[in-house]
Amino acid sequence: MTDLETSMATIIAVFQKYSEREGDKHKLKKSELKDLLHDELPALMAHVKDQATLDSLMEGLDADGDAECDFQEFMTFISMVTVCCHEFFEHEDE
């Protein structure tokens, strides 16, 4: 597999690892998303200081209003974080 294919497979595997813990295996409950973020993105979560911020993040991700995060909503989040990281490093070089 190429690096990009491996990265895509890893994103899918991480989503499934957490979504399969309880309930619908195609969606992340709030607790599953919280665990995923803390375990898989600890540097990002170091900047989240309170529960209200995390709740706001979850609400922002929940495009269909079902109080869960499906794979498409998760990918929107991953894409946004990746774009922000790219922009940060792009400007850091200037």
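All residue numbers refer to positions in the sequence shown, counting from 1. Side-chain atoms are counted along with the backbone in the values below, which use heavy atoms only and exclude waters and symmetry mates. Quick caveat, the model's predicted, so the values are computed rather than measured.
- Within the structure, ring pair (Phe, Tyr, Trp, His ring centres under 6.0 Å) contacts touching residues 50-71 (residues at least two apart or in different chains) are Phe15-Phe71.
- For the pair Gln16 (side chain) and Ala13 (backbone), a donor-acceptor distance under 3.5 Å is absent.
- Glu68 is linked by a side chain to side chain donor-acceptor pair (under 3.5 Å) to Lys29, counting only residues two or more places apart in sequence or in another chain.
- Residues satisfying the side chain to side chain donor-acceptor pair (under 3.5 Å) test with Asp66, not counting sequence neighbours, are Lys27.
- Across all non-hydrogen atoms, the minimal contact from Met1 to Ala9 is CE-CB, 4.5 Å.
- Annotation: side chain of Ser31 is in contact with side chain of Glu22 (closest heavy-atom distance under 4.5 Å).
- One finds the CG atom of Leu61 at 6.0 Å from the CE atom of Met80 (value rounded to the nearest 0.5 Å).
- Residues Cys69 and Leu33 come closest through the heavy atom pair CB-CD2, 4.5 Å.
- Checked by atom type and distance alone, the side chain of Ser56 never pairs as donor or acceptor with a backbone atom of Ala52 at under 3.5 Å.
- There is a path of hydrophobic side-chain contacts, each under 4.5 Å, that joins Tyr18 to Ile12.
- You'll find the side chain of Asp62 reaches within 4.5 Å of the side chain of Glu73, heavy atoms only.
- Atoms NE2 and CG, from His38 and Leu44 in turn, are 10.0 Å apart once rounded to the nearest 0.5 Å.
- The local environment of CD in Glu5 is crowded, with over 12 non-hydrogen atoms from other residues, nucleotides or ligands closer than 6.0 Å.
- Residue-environment remark: CG (Asp64) exceeds the threshold of 12 foreign heavy atoms within 6.0 Å.
- Using a 4.5 Å cut-off between side-chain heavy atoms of Ile, Leu, Val, Met, Phe, Trp and Tyr, with links allowed through other members, Phe77 and Met8 fall into different hydrophobic clusters.
- For the side chain to side chain contact (heavy atoms under 4.5 Å, CB included) criterion with Val14, the lone passing option out of Leu36, Ile78, Leu41 is Leu36.
- Between Ile11 and Met75, the closest heavy-atom pair is CG2-SD, 3.4 Å.
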